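What follows is a short report on a single structure.
Keep in mind that what you see is a predicted model, and the values were worked out from it rather than measured.
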Amino acid sequence: MLKAEAILLDLDGTLVDSTDSIARCWLRWCREYDVDPASLVGAHGRTTADIVAELLPGRLVTAAIARVDELEIEDAGTVRPMPGAAELLASIPADRRAVVTSGNAVLAAARMHAAGLPAPAVVVTADDVLRGKPHPEPYLLGAQRLGVDPERCVVVEDAPSGIAAARAAGMAVVGIVSTHEARQLEADLIAGAPAQVRVDGTGPLLVDVVAP
């Protein structure tokens with residue numbers, strides 16, 4: 001069991017099931033830009049800007065990022081909530097939760113809306129930071145906006161890059177097994193889905209994982 005004053009939640013693969021949507025959009029993008037899809041292995045959880053900058057020459061990057069954004073926003077309506085995502089969000093007091101995602105603000109809003117999830121008051125997106133996950137900046141900013149010390153936060157994440165960001169920020173982590181195997185997630189607790197994460201919000205937040 002973990003104790004916290006705030007909980008920061010990743011979006012894709014943690015609160016919303018966008019795996020198929022992401023695959024469709026990036027495969028189409030790869031065809032358009034003649035990029036080997038194998039180059040995307042391990043990219044989940046990082047910002048589009050960081051991924052594209054590693055794959056294409058500088059003169060193409062701005063337009064290529066815009067194209068990924070266009071494709072993903074067009075396809076956002078296909079995403080669904082992860083099992084138990086709405087209930088997990090509802091169990092955390094509104095002033096003690098934040099979503100921290102590597103997507104941009106428009107995409108994050110579109111995916112949460114499609115999944116029927118209310119956007120928390122605090123949402124940190126790629127638009128808000130200079131350095132995305134695995135750098136700790138996104139999670140540190142989330143803690144700052146909630147007014148909570150980083151070491152008193154618990155992160156819920158599915159991607160190794162996001163877990164690395166949380167660790168670098170000094171935060172405990174609950175790993176969600178959706179896009180990666182449990183052995184790839186260096187987390188304090190492991191859950192198969194948000195439905196297995198329990199939060200007691202009556203005092204200090206107590207976070208635990210229950211059997212399916």
*Taking S39 for its side chain and D36 for its backbone only, find out whether a donor-acceptor pair lies under 3.5 Å.*
yes

*Minimum heavy-atom distance D188-R167, with the two atoms named*: OD2-NH1, 2.9 Å

*Atom CD in E72, atom SG in C25: separation rounded to 0.5 Å?*
5.0 Å

*asked:* I need the D12 CG to T179 OG1 distance, nearest 0.5 Å.
replied: 9.5 Å

_Less than 4.5 Å apart, side chain to side chain, heavy atoms only: is that true for P81 and E87?_
no

*Would R46 and E54 satisfy side chain to side chain contact (heavy atoms under 4.5 Å, CB included), going step by step from the backbone distance to the final call?*
CA-CA 12 Å; R46 299 174 60 209; E54 290 183 358; 2.9 Å; yes

_Donor-acceptor check, side chain of T47 to backbone of D50, threshold 3.5 angstrom: yes or no?_
yes

*Does the pair V99 and T14 meet the rule for a side chain to side chain contact (heavy atoms under 4.5 Å, CB included), with working shown?*
CA-CA 10 Å; V99 166; T14 298; over 6 Å; no

*Hphob cluster co-occupancy, L2 + I190, side-chain heavy atoms under 4.5 angstrom*: no

*Is the CZ atom of R145 crowded by more than 12 outside heavy atoms at less than 6.0 Å?*
yes

*So, for V61 and A53, which heavy atoms are closest and what is the spacing to 0.1 Å?*
CG2-CA, 4.1 Å

*Going only through I, L, V, M, F, W and Y residues with side-chain contacts under 4.5 Å, is there a path from V129 to L11?*
no

*At their closest point, which heavy atom of S102 faces which heavy atom of K133, and how far apart are they?*
OG-CD, 3.6 Å

_Non-hydrogen side-chain atoms of V197 and I176 separated by less than 4.5 Å_ = yes

*If only atom types and distance count, is the side chain of N104 paired as donor or acceptor with the main-chain N or O of L107 below 3.5 Å?*
yes

*Look only at the side chain of E137 and the backbone of R131, and say whether a donor-acceptor pair between them is shorter than 3.5 Å.*
yes

*Would a hydrophobic clustering, with Ile, Leu, Val, Met, Phe, Trp and Tyr connected at side-chain separations under 4.5 Å, put V209 with L89?*
yes

*Kindly compute the distance separating CG (L205) from CE (M1), expressed to the nearest 0.5 Å.*
12.0 Å

*Rounded distance [0.5 Å steps], CG in D10 versus CG in D158*: 5.0 Å

*Of all the heavy-atom pairs spanning A169 and L140, show the shortest one and how long it is.*
CB-CD2, 3.7 Å

*Only counting residues at least two apart or in another chain, list the ones meeting ring-ring contact (aromatic ring centres under 6.0 Å, His included) with W26.*
W29

*Applying the 4.5 Å side-chain criterion to the ILVMFWY set and letting contacts propagate, would I65 and L55 be lumped into a single cluster?*
yes

*Where is the tightest heavy-atom contact between R97 and I92, given as atom of each residue plus distance?*
NH1-O, 2.8 Å

*Measure from the side-chain N and O atoms of S178 to the backbone N and O of G13, and report whether any donor-acceptor pair falls under 3.5 Å.*
yes

*In terms of side-chain heavy atoms, does T101 have a donor or acceptor partner in R111 at a distance below 3.5 Å?*
no

_Heavy-atom pair with the smallest gap, counting every atom of Y139 and A165_ = CD1-CB, 3.9 Å

*Do S21 side-chain atoms and A76 backbone N/O form a donor-acceptor pair below 3.5 Å?*
no

*Can you tell me how far the CZ atom of R24 sits from the OG1 atom of T78, to the nearest 0.5 Å?*
4.5 Å

*Heavy-atom side-chain contact between D127 and V106 under 4.5 Å*: no

*State, yes or no, whether a side-chain contact exists between P160 and L185 at a heavy-atom distance under 4.5 Å.*
yes

*When you look at R28 and D75, which way does the salt bridge (Lys or Arg N to Asp or Glu O under 4.0 Å) test go after all the steps?*
CA-CA 12 Å; R28 182 174 174 183; D75 202 67; over 6 Å; no

_With clusters defined by side-chain heavy atoms of hydrophobic residues (ILVMFWY) lying less than 4.5 Å apart, directly or transitively, does V154 cluster with L146?_
no

_For V122 and L8: C-alpha separation, side-chain torsions, deciding distance, then whether side chain to side chain contact (heavy atoms under 4.5 Å, CB included) applies._
CA-CA 9 Å; V122 174; L8 311 179; over 6 Å; no

_Pairwise distance CG(L88) to CG(L15) - rounded to 0.5 angstrom_ = 7.0 Å

*Please identify each residue that fulfils salt bridge (charged side-chain N to carboxylate O under 4.0 Å, His left out) with R67, with sequence neighbours left out.*
E32, E70

